[in-house]
Amino acid sequence: MTAKKKTSAKKAEPELKLPTWADKIPLILLAVGAVLVLAGFAADRSHFAHAWLVSFMFYLSICLGAFFLVLLHYLFDSYWIVSIRRVAEHLACLLPLMAVLFVPIAIWSGMEFVVVEQDAAVHHEEQAQKTSEAAEKASAIHGDTLAVADQKEDARSHEGKRAFYDWMRSESEYNLKKDELVEKLKEADPNISEEKLAKEISTLTFHDHAWHAKRGYLSSGFWHLRWVFCFAIWGFFTWMLRKYSLEQDKTGAADCTRKCRVLAAVGIFVFAATLTIGSIDWMKGLEYQWFSTMFGVYYFAGSVWTSLITIYIITLFLKKTGPLKDIVRDSTLKDNATLFFAFTVFYAYIHFSQYFLIWNAAIPEETFWYVKREDGPWWNVGMLIIFGHFFVPFLMLLRIDVKTRPEVMITVAVLAWFLHFCDMSYNIMPVIHRFGGWMEHIWIDVGCLALMGGALSMVFIHFFKQHPPYPQKDPRIAETMGVYVPLRSEAKAAGK
């Protein structure tokens, strides 16, 4: 009898049956991506490394955005997301695979192989010179001649090969200089005390003042420790949240929801801290001289924005193909699109605020980042982000009825993915390209996107085939499906 019940329960679970062509897409992406990636690595290693980072940050944002939505659901007990929560859970659980994709970045992080485009190097030196002149004026007022010397030395030429994260080269040079100083001091006085040695080291001047001032944080050992910590903590929270969600499918215990709420209460703070660390370490760290207190929020806004539209399209596909056909209502899709609309405005607000504050302060150490991106084709990319990332989706989604129209939302999704890719490239590629170099090698970027997209989609489909496509025994699943379940008191009063 028990065996029969188990068999019937298993048959009752909706199965993910993809069309034949859809099942082949991940393999096609993997094959095409692998060919382009290998060719790109051989053709231009510098561009390939940065293209890999662009693709990594693109997909990482989708996974982190999904993680946030799961946390948001448990924190606010929102009912509308229950039917599509499993999609978000599976996307969030791709974060351990993202750790594997990050390993190449960790390997080449301090390797000196990056060749900067000549125009970009010249432009960087021009901006560095302006920074030095500003520092000289400020130092003349305060009588700080050491700072002037440091700033002038910091404007060193970028000819030759750089490290991927160039502050690691500065760290190596500083450590070498420090070791030489310690050796000289010990030769002069073999009995020198540790206290005196530390005092002498503290007076050691170094050409890269920007790194030297942040050396407590910008340490290669500490950097590697942080990325391991970030992925470990993301993996723990995402897998534990999904574990209790899947356990509830079997037991129906409300205690699983309580445990997820406790995890979410702690996880939201961990999420905020680790997302900020990741975005600053891996993307902003390419130009460590730059200051921005809003960068973490900026990456967060873009992450949730992209994740929402990705979840919308996946849900729409699963609703059309079967597994979520009778589960997801149009009101759920509308609520998803409404939140996407809200983050369209929020992203624009954060990006504008960052630009406005830097422009208004007019401090050379901050403005150089935008000056570099207002030159050549990057100006066009910036305008594309302004109008495509905000105005177009904002105006398209103003009407409430379009939020459930597939043709409109698919168009918005394609635009959102393209603009988010442009946004990641806008942050990363100007480090090595000023004019046409980026577009000449765009096929390498496409290859990295295809390879990572194929691997991630293959694992995502595997997750979906292994587990029920929606939380079957969540306390609010009936509500999200529009089914009213009478209270026990109501049933008793009715004599049932």
Side-chain angles (χ1 to χ4, degrees), residues 45-46 49-50 52-53 56-57 60 64 95-114 150 153-154 156 158 160-186 192 194-237 269-293 295-296 299 365 427-428 431-432:
R45 194 178 169 196
S46 296
H50 289 81
W52 186 271
L53 181 62
F56 174 83
M57 297 305 293
L60 179 70
L64 288 176
L95 282 165
L97 177 57
M98 293 304 301
V100 177
L101 297 174
F102 184 80
V103 170
I105 299 170
I107 292 172
W108 65 54
S109 58
M111 295 172 61
E112 296 184 19
F113 65 92
V114 176
D150 285 347
E153 285 285 335
D154 191 37
R156 69 188 189 277
H158 269 59
K161 294 183 178 180
R162 305 168 50 242
F164 186 74
Y165 290 106
D166 207 33
W167 61 264
M168 291 189 181
R169 181 175 66 162
S170 295
E171 182 190 28
S172 299
E173 292 173 357
Y174 174 79
N175 288 335
L176 183 62
K177 193 174 181 181
K178 185 178 72 173
D179 291 341
E180 290 174 353
L181 176 64
V182 170
E183 190 177 341
K184 287 180 181 178
L185 290 171
K186 286 186 176 180
I192 188 171
E194 291 295 328
E195 185 180 347
K196 189 176 180 181
L197 201 61
K199 186 177 180 181
E200 290 293 333
I201 293 173
S202 66
T203 61
L204 181 65
T205 59
F206 190 61
H207 61 76
D208 192 347
H209 183 72
W211 171 80
H212 195 260
K214 306 173 186 177
R215 68 186 184 280
Y217 184 81
L218 293 180
S219 161
S220 57
F222 191 28
W223 183 87
H224 285 287
L225 186 65
R226 288 196 299 270
W227 78 258
V228 171
F229 170 77
C230 284
F231 282 109
I233 208 75
W234 290 337
F236 171 77
F237 276 94
F269 295 102
V270 174
F271 170 83
T274 50
L275 179 141
T276 303
I277 290 170
S279 61
I280 290 175
D281 279 6
W282 308 331
M283 192 155 63
K284 182 178 173 291
L286 292 169
E287 294 175 286
Y288 60 97
Q289 303 90 344
W290 184 47
F291 292 83
S292 174
T293 56
F295 195 79
Y299 184 71
E365 294 96 314
N427 278 271
I428 294 168
V431 175
I432 58 171

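Since we're looking at a predicted model, the values are computed, not measured.
- Interatomic distance, CG of Asp166 versus NZ of Lys161, reported as 14.0 Å (0.5 Å rounding).
- Relative orientation of the Tyr174 and His212 rings is perpendicular, given thresholds of 30° and 60° on the angle between their planes.
- In this structure, the separation between CG on Leu176 and CD on Glu180 is 4.5 Å, given to the nearest 0.5 Å.
- For the pair Ser292 and Lys284, the tightest heavy-atom approach, listed with the atom from each and the gap, is N-CE, 3.7 Å.
- For the residue pair Ser46 and Val114, the shortest heavy atom distance occurs at OG-CA, 3.3 Å.
- The minimum heavy-atom distance between Glu171 and Ser219, with the atom names listed, is OE2-CA, 3.5 Å.
- The distance from atom CG of Asn175 to atom CG of Asp179, rounded to the nearest 0.5 Å, is 6.5 Å.
- Atom CE of residue Met283 and atom OH of residue Tyr299 lie 6.0 Å apart, to the nearest 0.5 angstrom.
- Here the OG atom belonging to Ser170 is positioned 9.5 Å from the CG atom belonging to Leu218, to the nearest 0.5 angstrom.
- Contact of the Ile280 side chain with the Arg226 side chain is not registered, since no non-hydrogen atoms from C-beta on lie closer than 4.5 Å.
- A perpendicular orientation is assigned to the rings of Phe231 and Phe56, their planes being inclined by more than 60° (bins at 30° and 60°).
- Taking CD1 of Ile428 as the start and CE of Met57 as the end, the distance is 6.5 Å to the nearest 0.5 Å.
- In this pair, Phe164 and Trp108 present their aromatic rings perpendicular. The plane angle is above 60°, beyond the 30 to 60° band.
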Exercise for the section: Apply side chain to side chain contact (heavy atoms under 4.5 Å, CB included) to the pair Phe102 and Val228, showing each step before the final yes or no. Expected result: CA-CA 10 Å; Phe102 184 80; Val228 171; over 6 Å; no
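- Screening Trp223, Trp282, Trp227, Tyr288 against Tyr165 for a ring pair (Phe, Tyr, Trp, His ring centres under 6.0 Å) leaves a single residue, Trp223.
- The two atoms that bring Pro96 and Gly235 nearest to each other are CG-CA, 4.3 Å, heavy atoms only.
- Gln289 and Ala210 make their closest contact through CG-CB, 3.8 Å (heavy atoms, listed as atom of the first residue, atom of the second, distance).
- Leu53 has its side chain within reach of Leu286: a pair of non-hydrogen atoms, C-beta onward, lies under 4.5 Å apart.
- Heavy-atom minimum distance, Ser279 versus Phe295: O-CE2, 3.4 Å.
- Thr274 and Trp234 form a side-chain donor-acceptor contact under 3.5 Å, judged by distance and modelled atom types alone.
- You'll find the side chain of Trp211 stays beyond 4.5 Å of the side chain of Arg169, heavy atoms only.
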